[in-house]
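The block underneath contains the structure these notes are about, expressed in structure tokens.
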Amino acid sequence: MKNNTSDNEIRLKACPFCGEKAEIKYESYGWGGNETLACVKCTKCGASSQRLNITYREKELTDKVIDLWNCRYDRGEQQYEQETEKEVI
């Protein structure tokens, strides 16, 4: 599997922990290296997405790890803060 990191960097959000850029990493494993893991990893702090080894086609695998990395849960935290402010008043 070839590395399409440069093609997808623009789609990756910055690291949620340190704000630096991230890149897609591919790793071969299994008998004869015929299986591939993919994840997104921060170039500075090393935070990473879940490693996927599902037998997707290369483009599907890349899109899936980008979606996992770009997923953020800010809305839930904001909603919780708003609800707790209402309870205090």
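Bear in mind that the values here come from a model prediction, so they are computed numbers and not experimental data.
Residues T36 and Y29 bring no donor and acceptor atom of their side chains to less than 3.5 Å of each other.
Rounding to the nearest 0.5 angstrom, the gap separating the CD atom in Q50 from the CG atom in L37 is 10.5 Å. R11 CZ to D63 CG: the interatomic distance, rounded to the nearest 0.5 Å, is 4.5 Å.
Between I24 and W69 there is no side-chain heavy-atom pair separated by less than 4.5 Å. Side-chain contact between L12 and I66: present, with at least one pair of heavy atoms (C-beta onward) separated by less than 4.5 Å. In this structure, L61 and N53 have side chains that are not in contact, with every pair of non-hydrogen atoms separated by 4.5 Å or more.
Listed by chain and number, the residues in a salt bridge (Lys or Arg N to Asp or Glu O under 4.0 Å) with E27 are R51 (sequence neighbours excluded).
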Determine all donor-acceptor pairs shorter than 3.5 Å in which one atom belongs to a side chain in residues 39-49; sequence neighbours excluded.
residue, atom, partner, partner atom, Å
T43, OG1, K21, O, 3.0
S49, OG, V40, N, 3.0

